[in-house]
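Input: a single structure, listed below in structure tokens.
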Amino acid sequence: TLSERLRQTLGALTGRGRVSEADVDAAMREVRLALLEADVNFKVVRDFVARVRERAVGAEVLASLTAGQQVVKIVHEELISLLAAGDRTFHLSGSPAVIALVGLQGSGKTTSSAKLARHITKLGRRPLLVAADPYRPAAADQLQTLGKSLDIPVFRAPAGTPVVEIARQGMEAARRQTRDVVILDTAGRLTVDEALMAEIAAVASAVKPIETLLVVDAMTGQESVTVAQAFAAAVPVTGLVLTKIDGDARGGAALSISAVTGLPVKFMGTGEKTDALEVFHPDRLAGRMLG
Amino acid sequence: ILGVGGPSEADWEEVEETLIAGDVGAALAMAVVERARRSRDGDDPVAAVRRELAALLASREGDWHPRPAGPGLPAVILVVGVNGTGKTTTIGKLAARYRGEGRTVLLAAADTFRAAAIEQLQAWATRAGVAVVAHAPGADPAAVVFDAVDAAVARHSDVLIADTAGRLHTKVNLMDELTKVRRIIDRRLPDAAPETLFVLDATTGQNGLAQARAFHEAIGLTGIVLTKLDSTAKGGIVFAIEDALKVPVRFVGVGEKVGDLIPFDPDAFVAALFA
Ligand SMILES: Nc1nc2c(ncn2[C@@H]2O[C@H](COP(=O)(O)OP(=O)(O)OP(=O)(O)O)[C@@H](O)[C@H]2O)c(=O)[nH]1
Ligand SMILES: Nc1nc2c(ncn2[C@@H]2O[C@H](COP(=O)(O)OP(=O)(O)OP(=O)(O)O)[C@@H](O)[C@H]2O)c(=O)[nH]1
Ligand SMILES: [Mg+2]
Ligand SMILES: [Mg+2]
């Protein structure tokens, strides 16, 4: 853990007065390595360490803490401040309210769509799941199977229906069935795929989601920032769902994205079952990043 | 052409940053740069680092083909990895590739857990023109594989490819389930030495090494498929994995269509890190 590494580097002396410049250099090297190992984007690490260094140099070491613990305290506070930024409220206004899930292939959008449908049902709303991925084999079957297990209706359009049309028809189906929230599960796509990025932009223009959630796999590496920026440029992303946090990936992608785009994590996927969804709490992820 | 007096500190830092940006990992990037500085190419940072990176990659047999479990017996390929990396899609691509080579292929739908996993594999099987052995959802994956091995032997299939459910390597019960599947194959075909392919998503960061290690320790990996290299990610964690486990990347996934699977080219892979 970062605490252990800093203890090795800075020793266990308590109440040493002020943190020396040499101590800070050594500590910042450890912080940098720990964050890179946690998949925090290297540019974000650079800025983050600079901020921590500024606070650490000459910092008064509290009598009850070692220099190492003092640095960990500063790092923890800075992590929380980045992760707590942005509007973390989950908005459900609109008639119907539209939630769109977007992201790279395999990140967990379809599973998260079902989880959100269950969460929204528990809030007393009546969601309709819309299978707007016509590309992946059995994608609509997957969403339909999940919806059936939750007793939540799923709309799917005939094969060959263009994606924007699927979204529109989904809205009409919601109105017909008096469902007041539409959850749009979209196909995984690469940010370098111009046609598919244009498609998702067209869908957003057509149905105007109140929430567009970028679904990000907790094991994502250095590309997290580029990917998030590209999605945010194409559609009005309002927050992130960080999935597969039940593994041991440190989730530095979330910190990276929040730091650069200001987008907050709103939910975390904590398992494969439909009840494995948690509302995001910054201190849980901050602790994870400290190892 | 480098400036007079050789490469600057900034030149070396820039190369190290390129490696980190490509998910090589900070510790390995630093070690590679250290070796490169002391090497005979030490006056050309990029060339020296490329050389050191290439040296990390496992030695590989020129043109790998699946090996039969014995005379007249099928070659068995077991496909494993964490959730969402592209296992099922890769199997569809492999099935089409082998069928194109004139081999008979049978698939085993041993992901009996995830919603519509069996339907997804069946759709790929239809696309590739091959048969699938499947049970009902919720069945024991080992039972599916057992039946599939029997079927492959009876039908004289050339290749049997088993799809398994994605699983996080930290889940002990799921890793035990995989060990049981592997035992079933070993018991039924004692000389099979199945090709066990670990499917890794190229956008994965440092967790990829922990994943590969855990799967390798549980059932022994013999190959890696690196998927989604058509994204902007470089898949740099592969260097750490090949260096630590000596398991070679066999194929690279470069898209979602049936033909989007190419043999791994180590030189191109190293070069792409600097592209
Ligand atoms: N352990 C774990 N697995 C998850 C979580 N979320 C999703 N998964 C699994 O990740 C895999 C991919 O999930 P999907 O929902 O199919 O991902 P997707 O983004 O819809 O994939 P595409 O539509 O192909 O882009 C499945 O095996 C899911 O069960 C999570 O929070 N924890
Ligand atoms: N761009 C791109 N997408 C890929 C590639 N390989 C697979 N995919 C996509 O990744 C997503 C997940 O693929 P699957 O084959 O379902 O992955 P999986 O490992 O079987 O997933 P689980 O069984 O849920 O663990 C799908 O949308 C695939 O189309 C690739 O090489 N490039
Ligand atoms: Mg999906
Ligand atoms: Mg699969």
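Convention: sequence-line order gives letters A, B, ...; per-chain numbering from 1.
Partner of B:Asn207 under the side chain to side chain contact (heavy atoms under 4.5 Å, CB included) criterion, out of A:Glu37, A:Met219, A:Arg250: A:Met219 alone.
Atom CZ of A:Phe42 sits about 11.0 Å away from atom CG of B:Leu19, to the nearest 0.5 Å. In this structure, the separation between CG on B:Asn83 and CD on A:Glu272 is 4.0 Å, given to the nearest 0.5 Å. In this structure, A:Gln222 CD and B:Ile237 CD1 are separated by 11.0 Å, a value rounded to the nearest 0.5 Å.
Using a 4.5 Å cut-off between heavy atoms, B:Lys234 makes no contact with chain A at all. With a 4.5 Å cut-off on non-hydrogen atoms, A:Asp39 touches chain B through its side chain but not through its backbone. Heavy-atom distances place no part of B:Gln122 under 4.5 Å from chain A, backbone and side chain included. Looking at A:Arg46, the atoms closer than 4.5 Å to chain B (heavy atoms on both sides) all sit in the side chain, from C-beta outward.
Contact count against chain B (heavy-atom pairs under 4.5 Å) is highest for A:Ala138 among A:Ala138, A:Gly108, A:Gly188, A:Gly252. Among B:Thr85, B:Leu168, B:Asp23, the residue making the largest number of heavy-atom pairs under 4.5 Å with chain A is B:Asp23. Among the candidates A:Asp193, A:Leu104, A:Leu190, A:Thr145, the residue making the largest number of heavy-atom pairs closer than 4.5 Å to chain B is A:Leu190.
Heavy atoms from other residues, nucleotides or ligands lying under 6.0 Å from CD of B:Glu14 number 12 at most. Shown here is B:Arg99, whose CZ atom has no more than 12 heavy atoms of other residues, nucleotides or ligands within 6.0 Å. Residue A:Lys43 places its NZ atom among 12 or fewer non-hydrogen atoms of other residues, nucleotides or ligands, all under 6.0 Å distant. Atom CG of A:Asp151 has 12 or fewer neighbouring heavy atoms from other residues, nucleotides or ligands inside a 6.0 Å radius.
At a cut-off of 3.5 Å, with distance as the only test, a side-chain donor of A:Glu223 or B:Thr232 sits close to an acceptor on the other residue.
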Apply side-chain contact (heavy atoms from CB on, under 4.5 Å) to A:Asp217 and B:Thr203, showing your working. CA-CA 9 Å; A:Asp217 194 324; B:Thr203 65; over 6 Å; no

Show your working on side-chain contact (heavy atoms from CB on, under 4.5 Å) between B:Glu256 and A:Arg136 and close with a plain yes or no. CA-CA 9 Å; B:Glu256 303 188 71; A:Arg136 169 170 156 155; 5.8 Å; no

Take A:Leu33 and B:Met30, measure what side-chain contact (heavy atoms from CB on, under 4.5 Å) needs, and give me the verdict at the end. CA-CA 11 Å; A:Leu33 286 177; B:Met30 282 167 29; 4.0 Å; yes

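Closest approach of A:Gly247 to B:Thr170, counting heavy atoms only: CA-OG1, 3.6 Å. Considering every non-hydrogen atom in both B:His169 and A:Asp248, the closest pair reads NE2-OD1, 2.8 Å.
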